[in-house]
*Asks:* 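Would you mind keeping the following structure in view while I ask a few things?
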There are 2 protein chains.
Amino acid sequence: MQQSTPLKDRLKSAGLRPTRQRLALGGLLFTGLDRHFTAEQLHVEARRAGFAVSVATVYNTLHQFTRAGLLREVVVDGSKTHFDTNTSNHHHFLFEDGLLVDIAAGQMQLLGLPEAPRGSLVKRVDILVRLAKIEG
Amino acid sequence: MQQSTPLKDRLKSAGLRPTRQRLALGGLLFTGLDRHFTAEQLHVEARRAGFAVSVATVYNTLHQFTRAGLLREVVVDGSKTHFDTNTSNHHHFLFEDGLLVDIAAGQMQLLGLPEAPRGSLVKRVDILVRLAKIEG
DNA sequence: GTGTTTGCAAAGTGTTTGCAATTTA
DNA sequence: TAAATTGCAAACACTTTGCAAACAC
């Protein structure tokens, strides 16, 4: 992930006004490092960093960023929604404690994928490698 | 999926008393055909079939069946939990309308899967092929 | 009988929404 | 100033829980 373009301009070209809240949340997220997080985690982080954003705004902003292609959702379990700043094609390790770690897509190869049923096309392939602690 | 053994005995060997509710829900589920469903769908179906089970019991029973290895959960999106009577190793197509279709695991081959990080082992690999309708 | 299971309704969790107040351009 | 955005609190959808009554063995 990289942000050669200033956040302000990235938001503008996504049709999003660079409001204080969006700049604050975006500033926390688009640091150049890939991150996985939930809405709640980001909300806590923002408040700790001194940004007073409401939960509703965090959710709205995350969805707007996702729609704009700045974020991706990662489905891991039925409870909280996880977001990922890495929007490129890749997959995940899921540790028992909920930690997500990227697996580069190029690293793996999937053979024998049946073709999409008539009338549909493959939009995305998500591979989730669930890990368990080794007992001992 | 097969149930050579009577449901009553399958429940017993899973440590579950063969109560009226468990037998009713099990009877709907373990017909020999693989099914994908949510708790709500099963609840509706049970009531239509004339079995008066409560929502709480449907949830409890589904979790007990899952723990007993009679069912599997399929994570598809953040909202409802989906269950699958096919507990063998396999993957899924997900249609836009929420329909799940099995992909036999043997049909595909995943190459280059990185080894599990130190201290952990791969518990399961879930592959979800998200489909979109062809526009037109 | 004794411990398990059920079912109701209430509580819980994560997320979304309605709308007045605020902010942006 | 007009249109977009925010924030609160209430509403929501799905799921879990507490506990008394019902049931299985």
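Worth saying up front: this structure is predicted, and the values here are computed from it rather than measured. Numbered from 1 within each chain, the chains take letters A, B, ... in sequence-line order.
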*Asks:* Whether A:T81 contacts C:dT15 is assessed here as follows: a side-chain N or O lying under 4.0 Å from the phosphate OP1 or OP2. Is that the case?
*Replies:* yes

*Asks:* Do the side-chain N or O atoms of A:H63 get closer than 4.0 angstrom to the phosphate oxygens (OP1, OP2) of C:dT16?
*Replies:* yes

*Asks:* With both distances under 3.5 angstrom, what nucleotide forms a Watson-Crick or G-U wobble pair with C:dA10?
*Replies:*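 Because both required distances fall under 3.5 Å, C:dA10 counts as paired with D:dT16.
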
*Asks:* Between the side chains of B:H90 and B:D84, is a donor N or O closer than 3.5 angstrom to an acceptor N or O?
*Replies:*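 Looking only at side-chain atoms, B:D84 and B:H90 do form a donor-acceptor pair, the distance falling under 3.5 Å.
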
*Asks:* To the nearest Å, give me how far apart CG (B:L23) and P (C:dT5) are.
*Replies:*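 From B:L23 CG to C:dT5 P: 13 Å.
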
*Asks:* First contact, last contact: which nucleotides of DNA chain D are these for chain A, 5' to 3', heavy-atom distance under 4.0 Å?
*Replies:* D:dA3 to D:dC8

*Asks:* Return the 5'-most residue of the pair B:S79, B:K12 with respect to DNA chain D, ranking by each residue's nearest nucleotide.
*Replies:* B:S79

*Asks:* Any cation-pi pair here, B:R10 with B:F30, using under 6.0 Å and within 45°?
*Replies:* yes

*Asks:* Check the distance between C:dT5's C1' and B:F51's CZ and give it to me in whole angstrom.
*Replies:*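 Taking atom C1' of C:dT5 as the reference, CZ of B:F51 is at 18 Å.
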
*Asks:* Could you pick out which residue, B:Y59 or A:R20, lies toward the 5' side of DNA chain D when each is mapped onto its nearest nucleotide?
*Replies:* A:R20

*Asks:* Let me know the distance between NZ of B:K80 and P of C:dT15, rounded to the nearest Å.
*Replies:* 17 Å

*Asks:* Checking side-chain polar atoms at under 3.5 Å, does B:H82 have a donor or acceptor matched by the opposite partner on B:D77?
*Replies:*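 Judged by distance alone, the side chains do not pair up.
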
*Asks:* Starting from A:Y59, walk the hydrophobic network (Ile, Leu, Val, Met, Phe, Trp, Tyr; side-chain heavy atoms closer than 4.5 Å) and list everyone else you reach, by chain and number.
*Replies:* A:V55

*Asks:* If you take all heavy atoms of A:R130 and B:V75, which pair is closest and at what distance?
*Replies:* NH2-CG2, 3.8 Å

*Asks:* In this structure, how many angstroms lie between the C1' atom of C:dT15 and the NE2 atom of A:H43, rounded?
*Replies:*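 For the pair A:H43 NE2 and C:dT15 C1', the rounded distance is 13 Å.
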
*Asks:* So, taking the atom named CG in B:L7 and the one named CG in B:L29, what distance separates them when rounded to the nearest 0.5 Å?
*Replies:*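 Reported to 0.5 Å precision, the distance equals 9.0 Å.
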
*Asks:* Compute whether any side-chain donor of one residue and acceptor of the other, for B:H63 and B:R67, lie under 3.5 angstrom apart.
*Replies:*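 The answer is no; no qualifying pair exists.
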
*Asks:* Do B:R17 and C:dT5 have a side chain to base donor-acceptor pair shorter than 3.5 Å?
*Replies:* no

*Asks:* A:L62 has an atom CG; how far is it from atom P of C:dG14, in whole Å?
*Replies:* 15 Å

*Asks:* Looking at D:dA22, which nucleotide sits across from it as a Watson-Crick or G-U wobble partner, both distances under 3.5 angstrom, or is there none?
*Replies:* C:dT4

